**Q** 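Once you've had a glance at the structure underneath, I'll fire off some questions.
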Amino acid sequence: MRIAAIDQGTTSTRVLVADSNGGADIVHSVRHRQHHPKAGWVEHSPEELLSNLNACIEAAGTIDAIGIDNQGESCLAWDAESGEALSPVIVWQDNRTADLLKNLREHGAEELTLSRAGLPLDPYFSASKLAWLLTHNDRVKQAQRAGTLRLGTTDAYFLDRLTGRFETDTTTASRTSLMNLERGEWDEDLCRLFGVPLECLPEIRPTVGEFGSVGTIPVTASIVDQQAALYGHGCRKTGDAKITFGTGAFALTLTGNQIVRAPEQGLLPTVAWRIGNDITYALDGGVYDASSAVEWAGRLGLYSDLSEISTFETPPAISQGLAFVPALSGLACPHWNRGAGALWVGMCASTTKGDLCQALLEGVALCTSEVIAAMMDRVNVTDRLSVDGGLGRNVYFVQFLADVLERTIVTQRFHELTAFGCAALASMGLGSALPEYKNASTVFHPCQDKATVGEWKARFAEAVTRSKGWR
Ligand SMILES: O=P(O)(O)OC[C@H](O)CO
């Protein structure tokens, strides 16, 4: 048995082929363009993503099933008859609907979104992006009048184009702010609130099962990338948690069949996966910019090779009073402040490029520690945290993370856990199970005293306060 898992993420599309002999490897990976037509706007080309997906399927060779994981909240509009995209993909990071949401918040609408979808009013989620398309895009309006409009997250568009099935899964639907979290169905009141016609949305299906076929190959799993990573890390019990350091940093903790609501902590209850009729929930907290902040620093010329910023001779920058707040797209959990601006604070004439990079890495770790602290208020998060993603290979970063989380961190040698989780679910959809993957891991233990870490966090909290509402 050979399974192809396509990881369609924010910066790339990659395919992992896993087989029944225990093999698992990425066989093709391609980056796509990021379009920024205006400040705060982030778009992808639907056709480019689709063509990358097709290239991945082609590169996978002979396979028995396909699983697809997606970038979550990113969404678009397309035409039911021609399949043609009517809009670009509006990416989860896109901020264009901030004013619309401010207005809804002032009219007291957040109570409804929190109680039904579990989500605050933030441009992150798909609902306001779809509302924006319905009011600002003439082709979308025309298709709506003609009765051929389809709206959805990227998974629904890919499935429609690849298999002819207009479907999404419960995890992805839970990121739109249009789904009733308890029932796992579209919520009429939420659709009315955002002006999104329910009849234009895809059918919500379990995460594992039938999503049609690409040629003769069945698609047997569809899931959000973060949830796929949660599965790929082997998290199965309440309190099991992982952090993926991709474009952003996303921490998810399993909460079993309980929806844990934590609006005061700024955490998001979400669906981990739905198998048959059983919904497993998780609590999610994200930092919008992690690797994206590191890449940005590279573009600014602060380093030329990642190896330059994986060890430092100097003590932590924060201990010298230099802090960086990675709010390039604003602050998510626990602050939810889209107006926050990224900043370095505490520079002096002797500050070097290396110091700035050191502070940047620490800033991502310190933001993540705020997310885990918020989670600890609501769930008993496991003492050993498993991390993956590009920054998981930066030794300085992971050790600093262990210090500020005051927990043991485990990294894996094979770090394609998002695609691997997706492959495992797709294999389940085929009625079989992939053999357990023997992954060598490295363990990082916290080695700073509590008082020192407390001082660092207090200093960082001051920097975060300054960054809020800056833009
Ligand atoms: O595509 P990634 O890995 O940056 O993850 C995107 C997140 O799922 C957005 O919520």
Side-chain angles (χ1 to χ4, degrees), residues 5-16 26 29-34 42-44 49 52-53 56 68-75 89-95 117-120 122-129 153-155 158 168-169 171-177 179 207 222-233 242-252 266-273 282-296 326 328-333 336 338 364 368 371 387-392 415-422:
I6 302 173
D7 175 21
Q8 201 306 292
T10 312
T11 52
S12 74
T13 308
R14 45 219 289 110
V15 59
L16 172 137
I26 294 287
S29 171
V30 51
R31 286 172 78 93
H32 53 267
R33 277 166 294 183
Q34 309 289 322
V42 190
E43 297 178 351
H44 295 157
L49 297 185
N52 293 349
L53 233 83
C56 282
I68 305 175
D69 68 71
N70 69 78
Q71 42 176 296
E73 305 74 12
S74 306
C75 56
V89 172
I90 306 185
V91 180
W92 57 274
Q93 297 151 311
D94 191 292
N95 204 9
L119 306 176
D122 190 89
Y124 182 23
F125 310 106
S126 327
S128 68
K129 299 179 194 300
T153 36
T154 53
D155 59 324
F158 300 143
T168 186
D169 94 297
T171 66
T172 319
S174 79
R175 310 302 294 178
T176 59
S177 206
M179 192 190 86
T207 306
S222 182
I223 185 168
V224 175
D225 53 9
Q226 300 306 326
Q227 279 75 339
L230 187 66
Y231 199 84
H233 275 267
K242 68 89 200 180
I243 314 172
T244 302
F245 292 94
T247 310
F250 295 96
L252 269 80
L267 291 161
L268 312 173
T270 195
V271 174
W273 40 79
L283 202 54
D284 162 274
V287 175
Y288 287 139
D289 290 284
S291 295
S292 59
V294 176
E295 285 191 14
W296 167 77
L328 294 166
S329 321
L331 291 168
C333 172
W336 295 102
R338 277 283 183 157
V364 173
T368 309
V371 172
V387 312
D388 70 311
L391 276 175
H415 58 92
E416 298 288 350
L417 297 177
T418 302
F420 186 73
C422 180

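From a predicted model like this one, the values you see are computed outputs, not experimental measurements. Counting convention: from 1, in listed order, for ligands and their atoms alike. If you read the sequence from its start, that first residue is 1, and numbering goes on from there. Side chains are part of it too, since the values below use all heavy atoms of this structure and drop only hydrogens, waters and symmetry mates.
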**Q** Hey, does Tyr124 have a side-chain heavy atom less than 4.5 Å from the side chain of Leu268?
**A** yes
**Q** What are the atoms of ligand 1, with element, lying closer than 4.0 Å to any heavy atom of Phe250?
**A** 7 (C), 9 (C), 10 (O)
**Q** Does either side chain, that of Ser126 or that of Glu73, offer a donor lying less than 3.5 Å from an acceptor on the other one?
**A** no
**Q** Using the rule side chain to side chain donor-acceptor pair (under 3.5 Å), only one of His415, His233, Lys242 pairs with Asp388; which is it?
**A** His233
**Q** For Thr153 and Asn70, does a side-chain donor sit closer than 3.5 Å to a side-chain acceptor?
**A** no
**Q** Going by the side chain to side chain donor-acceptor pair (under 3.5 Å) test, name the single residue among Asp94, Asp289, Thr247 that passes it with Ser329.
**A** Asp289
**Q** Can you tell me if Gly9 contacts ligand 1 (heavy atom of the residue under 4.0 Å from the ligand)?
**A** yes
**Q** Is it the side chain (CB and beyond), the backbone, both or neither of Arg175 that lies under 4.0 Å from ligand 1, heavy atoms counted?
**A** neither
**Q** Could you verify whether a donor N or O on one side chain and an acceptor N or O on the other, from Thr270 and Ser174, lie under 3.5 Å apart?
**A** yes
**Q** Could you pull out the closest heavy-atom pair between Thr244 and Ala229, with the gap in Å?
**A** OG1-CB, 3.6 Å
**Q** Which of the atoms of ligand 1 are close to Glu73, meaning less than 4.0 Å from one of its heavy atoms?
**A** 9 (C), 10 (O)
**Q** Around atom 3 (O) of ligand 1, find the nearest protein heavy atom and jot down its residue, atom name and distance.
**A** Asp225 OD2, 3.3 Å
**Q** Which of the atoms of ligand 1 are close to Thr10, meaning less than 4.0 Å from one of its heavy atoms?
**A** 1 (O), 2 (P), 4 (O), 5 (O), 6 (C)
**Q** Check whether any N or O atom of Trp92, backbone or side chain, sits under 3.5 Å from an N or O atom of ligand 1, and answer yes or no.
**A** no
**Q** Can you list the atoms of ligand 1 that are under 4.0 Å from a heavy atom of Tyr124?
**A** 9 (C), 10 (O)
**Q** Say whether Thr247, considering both its backbone and side-chain N or O atoms, lies within less than 3.5 Å of an N or O atom on ligand 1.
**A** yes
